[in-house]
A.B. asks: 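Can you keep this structure in mind? I'll have questions shortly.
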Amino acid sequence: MTATFALLALALGVAAGLAVLVVDELRWEARERLPRCTTCGQQHHRHAAHR
């Protein structure tokens, strides 16, 4: 029974680590992507000439 708890704890640790990696990757992609403009609807940098 102790081995089962040890394996469960290991699996939870691995799952938490993978969740951290996925969230970090999603945040990186969101940071690199150009935002959609609320004025014209196109994707360009925040400090566009028409803002």
Side-chain angles (χ1 to χ4, degrees):
M1 196 141 136
T2 304
T4 304
F5 287 134
L7 287 175
L8 179 63
L10 180 65
L12 288 175
V14 169
L18 287 175
V20 167
L21 289 175
V22 167
V23 167
D24 187 46
E25 183 67 25
L26 290 174
R27 288 181 65 205
W28 177 260
E29 288 178 4
R31 192 179 317 131
E32 293 297 313
R33 182 173 26 98
L34 288 176
R36 185 169 298 278
C37 181
T38 56
T39 304
C40 65
Q42 296 178 354
Q43 289 183 338
H44 53 73
H45 294 286
R46 294 187 188 279
H47 300 291
H50 64 270
R51 285 197 78 194

A.B. asks: Taking the hydrophobic residues Ile, Leu, Val, Met, Phe, Trp and Tyr, and joining any pair whose side-chain heavy atoms are under 4.5 Å apart, which ones share a cluster with L8?
C.D. replies: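 Traced through the cluster, L8 reaches L12.
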
A.B. asks: Identify, with sequence neighbours excluded, every residue that meets side chain to side chain contact (heavy atoms under 4.5 Å, CB included) alongside E32.
C.D. replies: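 Partners of E32 by the side chain to side chain contact (heavy atoms under 4.5 Å, CB included) criterion, ordered by chain and then number, come out as W28.
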
A.B. asks: To which residues is L26 joined in a hydrophobic cluster, defined by side-chain heavy-atom contacts under 4.5 Å among Ile, Leu, Val, Met, Phe, Trp and Tyr, whether direct or through other members?
C.D. replies: V22

A.B. asks: Got a sec, which residues hit side chain to side chain contact (heavy atoms under 4.5 Å, CB included) with Q43, two or more places apart in sequence or on another chain?
C.D. replies: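 Result, side chain to side chain contact (heavy atoms under 4.5 Å, CB included) vs Q43: L34, R36.
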
A.B. asks: Please indicate whether R31 has more than 12 foreign heavy atoms, meaning atoms of other residues, nucleotides or ligands, lying under 6.0 Å from its CZ.
C.D. replies: yes

